J.: 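Sharing a structure with you now.
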Amino acid sequence: MKQNLSTQLMGKFLFQIGKEKLTRPCRLEILLEYKRILSNAKDIGKKNTLLSAYVLAAWFIAMNRVDKLSPEENIAILIEGLRNSRIFCIIMGDAEHYLAPKRIEKQKKWAESTKERHYENDWVVELLPGNDEYDLGYDYLECGICKLCHDESCPQFAKYLCRLDYMFAEVMGMRLERTSTLAAGGDKCDFRFSRKK
């Protein structure tokens with residue numbers, strides 16, 4: 001995968017959020033491993049809606065290869081760092097932004113385009129309009145994070161990255177309900193987002 005400005009900025013951002021828990025030499029080694037993983041990764045398109053998730057997965061894999069911490073400890077570092085980042089929280093936005101009709105219309109088009117499978121490691125997604133039970137749903141039928149972890153011979157790491165979704169929802173002031181994930185052996189990841197009441 002060609003590295004671009006987005007992947008470089010994301011790497012620098014992730015380097016910074018771990019500074020409280022990881023030593024600088026360790027973070028530098030993680031950054032080098034992250035770049036190596038991304039250079040070997042299959043392309044998913046530079047305008048991919050989930051590029052940041054793919055990049056975050058590469059960073060998490062690199063953390064687990066370099067530092068001496070457990071995957072449990074590493075995911076806790078990522079969650080804490082992201083949750084405490086003012087920039088991250090601003091970028092994520094809130095429930096009203098996430099559930100805005102214009103945005104949902106764009107997401108619907110994106111979900112349809114994933115079924116064309118232009119990129120081998122891309123996600124394949126179905127968008128489900130809101131109903132009495134939730135405001136917006138997604139069924140992820142294929143997962144780029146699972147594919148990247150498989151390519152890097154570490155499929156066991158994908159299930160840890162699934163935890164980030166709950167933190168993302170929390171930061172946006174939403175509730176996420178999910179009963180299965182591809183990473184845990186399910187046939188899909190069933191995301192159901194609702195405004196907090």
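We're numbering straight along the sequence, starting at 1. Please read these numbers as outputs of a predicted model, since none were measured by experiment.
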J.: Can you name the residues that form a ring-ring contact (aromatic ring centres under 6.0 Å, His included) with Phe88, not counting sequence neighbours?
T.: Phe168
J.: Please name all residues satisfying side chain to side chain contact (heavy atoms under 4.5 Å, CB included) with Ala62, sequence neighbours left out, ordered by chain then number.
T.: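 Scan of Ala62 (side chain to side chain contact (heavy atoms under 4.5 Å, CB included), adjacent residues dropped) gives Ile30, Glu33, Tyr34, Ile37.
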J.: Measure from the side-chain N and O atoms of Lys19 to the backbone N and O of Arg24, and report whether any donor-acceptor pair falls under 3.5 Å.
T.: no
J.: Can Ile77 and Leu69 be said to form a side-chain contact (heavy atoms from CB on, under 4.5 Å), step by step?
T.: CA-CA 10 Å; Ile77 289 170; Leu69 302 175; 3.5 Å; yes
J.: Under 4.0 Å between a side-chain nitrogen and a carboxylate oxygen: does that hold for Lys147 and Glu142?
T.: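 A salt bridge links Lys147 with Glu142.
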J.: Can you tell me how far CD of Gln8 sits from CG of Leu31, rounded to the nearest 0.5 angstrom?
T.: 10.0 Å
J.: Judged by atom type as modelled, is there a donor-acceptor pair below 3.5 Å linking the side chain of Ser180 to the main-chain atoms of Cys189?
T.: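 No, Ser180 side chain to Cys189 backbone: no donor-acceptor pair under 3.5 Å.
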J.: Does Asn4 reach the main-chain N or O of Thr7 with its side chain, forming a donor-acceptor pair under 3.5 Å?
T.: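 Flag set: sc Asn4 to bb Thr7 pair under 3.5 Å.
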J.: So how far is it from Ile79 CD1 to Leu164 CG, rounded to the nearest 0.5 Å?
T.: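 Result: 5.0 Å between the selected atoms.
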J.: Within the side chain of Arg178, is there an N or O that forms a donor-acceptor pair under 3.5 Å with the backbone of Asp190?
T.: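 Side chain of Arg178 to backbone of Asp190, a donor-acceptor pair under 3.5 Å: no, none is there.
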J.: Walk me through it: do Ser113 and Glu116 pass the test side chain to side chain donor-acceptor pair (under 3.5 Å)?
T.: CA-CA 6 Å; Ser113 75; Glu116 296 168 11; 6.0 Å; no
J.: Find the distance between CE (Met167) and CG (Leu176) and round it off to the nearest 0.5 Å.
T.: 12.0 Å
J.: For Phe157, what residues pass the ring-ring contact (aromatic ring centres under 6.0 Å, His included) criterion, not counting sequence neighbours?
T.: Phe60
J.: Between the main-chain N or O of Cys149 and the side-chain N or O of Glu152, is there a donor-acceptor pair closer than 3.5 Å?
T.: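 No: the side chain of Glu152 does not pair with the backbone of Cys149.
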J.: Tell me the closest heavy-atom pair linking Phe193 and Ala169, and the distance in Å.
T.: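 What the structure gives for the nearest pair is CE2-CB, 4.1 Å.
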J.: Are any of the side-chain heavy atoms of Leu127 and Leu136 separated by less than 4.5 Å?
T.: yes
J.: Once rounded to the nearest 0.5 Å, what's the spacing between atom CG of Leu182 and atom SG of Cys143?
T.: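 Going from the CG atom of Leu182 to the SG atom of Cys143 covers 6.0 Å.
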J.: Report the residue from Lys196, Arg175, Arg163, Arg83 that forms a salt bridge (charged side-chain N to carboxylate O under 4.0 Å, His left out) with Glu170.
T.: Arg83
J.: Show the nearest heavy-atom pair for residues Val171 and Cys89, with the distance to one decimal.
T.: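 Looks like CG1-SG, 3.8 Å.
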J.: What pairs of donor and acceptor atoms, side-chain ones from residues 102-112 against any protein atom, are under 3.5 angstrom apart with sequence neighbours left out?
T.:
from	atom 1	to	atom 2	distance (Å)
Arg103	NH1	Tyr98	O	3.4
Gln107	NE2	Tyr138	OH	3.1
Glu112	OE2	Lys115	NZ	3.1

J.: In the hydrophobic cluster built from side-chain contacts under 4.5 Å, what are the other members alongside Tyr134?
T.: Leu128
J.: Just one of Asp135, Asn131, Thr179, Asp139 clears the side-chain hydrogen bond (donor to acceptor under 3.5 Å, both in side chains) bar with Arg192, so which one?
T.: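 The passing option is Asp139.
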J.: For atom CG of Leu9, is the number of surrounding heavy atoms from other residues, nucleotides or ligands below 6.0 Å larger than 12?
T.: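 Check passes, neighbour count above 12.
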J.: Does atom NZ of Lys68 have more than 12 heavy-atom neighbours from other groups under 6.0 Å away?
T.: no
J.: Take Glu126 and Lys188 through the side-chain contact (heavy atoms from CB on, under 4.5 Å) test and state the conclusion after the steps.
T.: CA-CA 10 Å; Glu126 289 181 357; Lys188 64 184 175 185; over 6 Å; no
J.: Residues two or more places apart in sequence or in another chain: which of them pass side chain to side chain donor-acceptor pair (under 3.5 Å) with Tyr54?
T.: Asn121
J.: Could you check if a side-chain atom of Lys42 sits within less than 4.5 angstrom of a side-chain atom of Met1, using non-hydrogen atoms only?
T.: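 When only atoms from C-beta onward are counted, Met1 and Lys42 do not touch, as no gap falls below 4.5 Å.
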J.: With side chains defined as the heavy atoms from C-beta onward, is the minimum distance between Leu14 and Leu78 less than 4.5 Å?
T.: yes
